[in-house]
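Scroll down for the structure; my scribbles are underneath it.
In what follows, chains are A, B, ... by sequence order, proteins preceding strands, each numbered from 1. Since the model is a prediction, treat every value here as computed from it, not as a measurement.
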Amino acid sequence: MATELAAHELPKQYDHSQAQSRWYPFWLERGYFHSEPDPDRQPYTIVIPPPNVTGALHLGHALNNSLQDILIRWRRMQGYNALWMPGTDHAGIATQAVVERRLLEEEKKTRHDLGRAALVERIWRWKDEYETRILSQLQQLGCSCDWQRTRFTLDPQCVRAVRHTFFGMFKSGLIYRGTRLVNWDTLLQTAVSDDEVTHETVAGHFWHLRYPVIDPKPGEPAFVSIATTRPETMLGDTAVAVHPDPEQALAAAERALGEKLASASEKERAGLERELQQLVERRRALLPHLIQLRDMALAGRKVRLPLVNREIPLVADVWAKPELGSGCVKITPAHDPNDYEVARRQQLPMINILNPDGTLNENAGPYAALRIAKARERVVADLEAQGLVESVEDREIELAHSDRSKTPIEPYLADQWFVKMEDLSQSAMDAVTDGRVKIVPGRYARGYLDWLSEKRDWPVSRQLWWGHRIPIWYAPTASEADLKRAFAGRADVVWRRDDENEGWLICAQEVDLSEDAIPGHKIEQEVDVLDTWFSSALWPHSTLGWPEQTPELQYYYPTSTLVTNRDIMTLWVARMVLTGLFNVGDVPFREVYIHPKILDGYGEGMSKSKGNGVDPLDVIESVGADSLRFSLAYLTTETQDVRMPVEFECPHCHAHIEQTKKNRVLPRIECKKCGQPFSTQWATRPEDLALARGAVVSERFELGRNFCNKLWNAARFAIMNLEGYSPGLVVPDELAIEDRWMLSRLTTVTTQCTAALEEYRFGDAARVLYDFAWNEFCSFYLEMAKPRLQDPASRANAQRILAGALDVLLRLLHPMIPFLTEEVWQRLGQLAPTRGIDELEPAAESIMIAPWPEADEARADEEIESRFARFQELLAGLREVRSRQNIPPRTPIRFSVRSVDATRDLLAPLTPYFDAMAGAHATAWGPQVAAPPAAASFVAAGAEVFVDLAGHIDLEAEVARKKKELERLASAIAGKQRQLANENFVSRAPAAVIEKERAALAELEQLRATTEAALAAAEGSPGAK
RNA sequence: GGGCGGCUAGCUCAGUUGGUUAGAGCGCCAUCCUCACACGGUGGAAGUCACAGGUUCGAGUCCUGUGCCGCCCACCA
């Protein structure tokens, strides 16, 4: 490798792909990523949020994993025994859905054509392919996961953990089976949990229907009016409800509104008053009618359900709110959650009108086999034909959609499995309230606690084939005696009576039961699988070997930090906490860090379906993993999501084309610059696919790219100047001013960066390093090192400090920029294998395992930093004069400085640097310095500086500028004077603040005096007109 | 309907416990291909800190209200 690393071969631009392909295998080979329990060291552990094996990683993953890697690398350097546990999630519904969709598109087959075993087999193949791809993406990102420990939520170890958990919960009575109304996905034909449902507002209708009263008595209405947004569900109606005490209910509603009005703001008042008015009106118009209907209900009267001609009762139930609609409500127990509750209270039959695939079943009579949308049309038409549609309104309705299949959700009655959440939820709430788990930022704790406090039972069964099959067996024909006999002496089998259905539920801990496990009876395993989150919930302990008390579990558990996205706080984080407590008896992690979300330029979340996603590999390819990681860290601030306008990059001319809502879904786009077309992720037609693909990029990564390139060149400079380096400590007396300044700054920066990482302030850490590296290390330190490196007398020491400082900077940057820092570290190691500032040490064989820099407070030197600030101020002033006067950079200028002796003593020694860095030569320093005849002057660092403009000047500009400057000073002085004249300010503000103001005023006045003098001089000088 | 976050330069964002001339990157203007870096150097222009009140000697920062944007939660026919 030595020849490869020769300094003269260093390219001007950082070659990220070379560094990446060189160092990742090196790290792997050295086993740096691997961790073993070691009682002598403290562990630092992160379990990865396992990505779904549905597809490739997106930018959100890149952010999530970059941050984890930053933490892991940093802690590893700090000396912790760092373990990053990697793996992937089988993602039940999501994965099965993509594979099924492919199956349908490519082979026109459904899962039923294939059968369970064959489908699952296919999904495994899919999983293998995508898992490989995902893990490779993580590696390209530079993630230092312990790959030897890679897990998958459906691998044998996780299966075992799931089985033990289910068994344990079943045995504790936490698991039950029941017929419940669930969110039914008719495409995937499975129940989904509330959390997998999203509500979208769509344009719909509100139908007012009439159900004829059977044998109306005189004075009774002929119809009962009801309203619905889903008319086809009337086929499953089993009652019409009216409030049992409409008078009281209306009165209560009025009272509530009145109270609200009393405490309402002016603005709300009008609306509320109107509302109240309507309510009063309503009571007048509707109440007698509702009372009549209530009486009819109590008398057991019935109405005729049109179309299916079913007689259904009028019932009195509080669910029917008299203040809404017609005051009556149709009851469809099998297809509406509220109606379901009503039916249970009123003991009404429940009629399911749907097949699992979303077509209507035989209960729908003539409408059987129709799809819902079609049935709706027909039902409405038929009702209209019979004059039973009173009116139709347009209305926006909230429609539930399945998050996975994007199809509308149907409430559907089905047998499902549940976990009782009462105690489990409480345990997870306690863990956060008592601080065993700390959530950062703290505001996210609220959502977590609110969600858990509802303690809603967790529906864990899914009607899928891909997942952990529920370890329950049914023995319909067996008696308890049979069970006792068959499983005598087996601690790994328990059974319980099914509370809601006939028969026994048998749960087996680890080994499947065979068909003939009970002699003389046939038993069958439950066909449903478990919710994906059931296995993900176990991730922190299942990956460490639970239920076995492995050394890993004992050593690494509880893990240190969980880094995740706020979207899955409840679904995943809360459940990890409660299963961890249930299974292991301790929380799964000490801290949860919630990072921002990546949004596009419109503030919308990125997703594949919207087409606004950025593929991290595109970014890595164009700017490198380091740039990506650094940019992401830089963007990770505490309160803001990351907004990222995205662009297409033309594959032909590399022009960037803004991505809009319009063009982001096009299969092909024509480059605005070169006119050539390119394809996008939406390309499906062969002629589109044949085009070169345009990457989706964002210019926000240029920050990282530019920074990496800057660092690279700084390193290149250092390396080119380390020829002949000889190790040695520099005694303090021999330290140059800039050395002492640099060491002082390094100390401060180390402190700041470390503190930022400790508090998960990644953006701050990145900013501190960026500003320091660019504006101090490069712009000043390296510039000032140049002359010293040329001079044989100072060269050796300059090299030593340069090598030592670069060494520290690289280590600080390594967690964010692993590849570049390693590349430089290795090259630096060749030229300066032994280096250091406080003591000489051989450099670590890899920066990955080098120690994290420690701040040496003794190096912090305020005096030198303030001296440096004055130098910088003076330098900036000189440069400004040059620029203002349009003096070409190469033309030397001369200046003199009038100041007190102290300032002179401080700055005069830096004279050579003004030459080198501003092309400005100091001709005189001190109190006696007089202004040259034609000069540009300014005040900096408490000194008056005169730039001799003889020869090349625009004095007029100088005069104009001075005048403007005086105006500014006048207004600033006036402001200060006003403030200091303010009685209140002087009497109430702290003395220090007043003192500061006085000093500032004095300084301004002084400045005005010198400026006026300079103006007079300029106006009186020969060049002025 | 409830909750959370945001609103600071053309764009994307920082802004410590309130302290008086509000910062950065990109973009823009001028200038320089000077021997680490044009993915660069130097200088510059650019802001009524969403709006309205309030607290305070002093508010981008604290309080109240309003508006707009985004997200999460919620069973309303």
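The closest side-chain donor-acceptor pair between A:Tyr14 and A:Asp626 falls under 3.5 angstrom. A side-chain N or O of A:Asp237 and one of A:Tyr211 form a donor-acceptor pair less than 3.5 Å apart.
Taking the P atom of each, B:C28 and B:G23 are spaced 23 Å apart, rounded to whole Å. Comparing B:G19 with B:G40, their C1' atoms sit 38 Å apart, to the nearest whole Å. Between B:U12 and B:C73, the distance separating the two C1' atoms is 30 Å to the nearest Å. Going from the C1' atom of B:U42 to that of B:C51 covers 40 Å, rounded to whole Å.
Taking atom CD1 on A:Ile226 and atom C1' on B:C76, their separation rounds to 15 Å, with Å as the unit. A straight line from CG of A:Asp771 to C1' of B:A14 spans 10 Å, rounded to a whole angstrom. Here the P atom of nucleotide B:C35 and the NZ atom of A:Lys786 are 9 Å apart, to the nearest Å.
The base of B:C37 does not come close enough to the side chain of A:Lys12 for any donor and acceptor atom to sit less than 3.5 Å apart. Below the 3.5 angstrom threshold, one finds no donor paired with an acceptor across the side chain of A:Glu454 and the base of B:A74.
Among the heavy atoms of the strands, none lies under 4.0 Å from A:Cys708. Using a 4.0 Å heavy-atom distance criterion, A:Arg705 is classed as a base contact. In this structure, A:Trp319 reaches the bases: a heavy-atom distance under 4.0 Å links it to at least one base atom across the strands shown. No contact: A:Ser627 has no heavy atom under 4.0 Å from any strand. Contacts of A:Thr637 with the nucleic acid, taken as non-hydrogen atoms under 4.0 Å apart, involve only primed sugar atoms and P, OP1 or OP2. Within the nucleic acid shown, A:Glu699 comes within 4.0 Å of sugar-phosphate atoms alone, with no base atom in reach, counting heavy atoms only. Nucleic acid contact class of A:Arg230 (heavy atoms, under 4.0 Å, all strands): none. Within the 4.0 angstrom heavy-atom criterion, only backbone atoms of the sugar-phosphate kind lie near A:Tyr770; the bases stay farther away. Note on A:Trp207: nothing from the nucleic acid sits closer than 4.0 angstrom, heavy atoms only.
Here the nucleotide nearest the side chain of A:Ser779, chosen from B:C4, B:C37, B:U42, is B:U42. Ranking B:C75, B:U12, B:G40 by closeness to the A:Arg643 side chain, first place goes to B:U12.
A:Lys597 has no side-chain polar atom (N or O) that falls below the 4.0 Å cut-off from OP1 or OP2 of B:G5.
Both A:Asn775 and A:Val197 lie close to RNA chain B; mapped to their nearest nucleotides by heavy-atom distance, the more 5′-ward contact belongs to A:Asn775.
Classified by interplanar angle (parallel below 30°, tilted 30° to 60°, perpendicular above 60°), the ring pair A:His335/A:Tyr412 is tilted.
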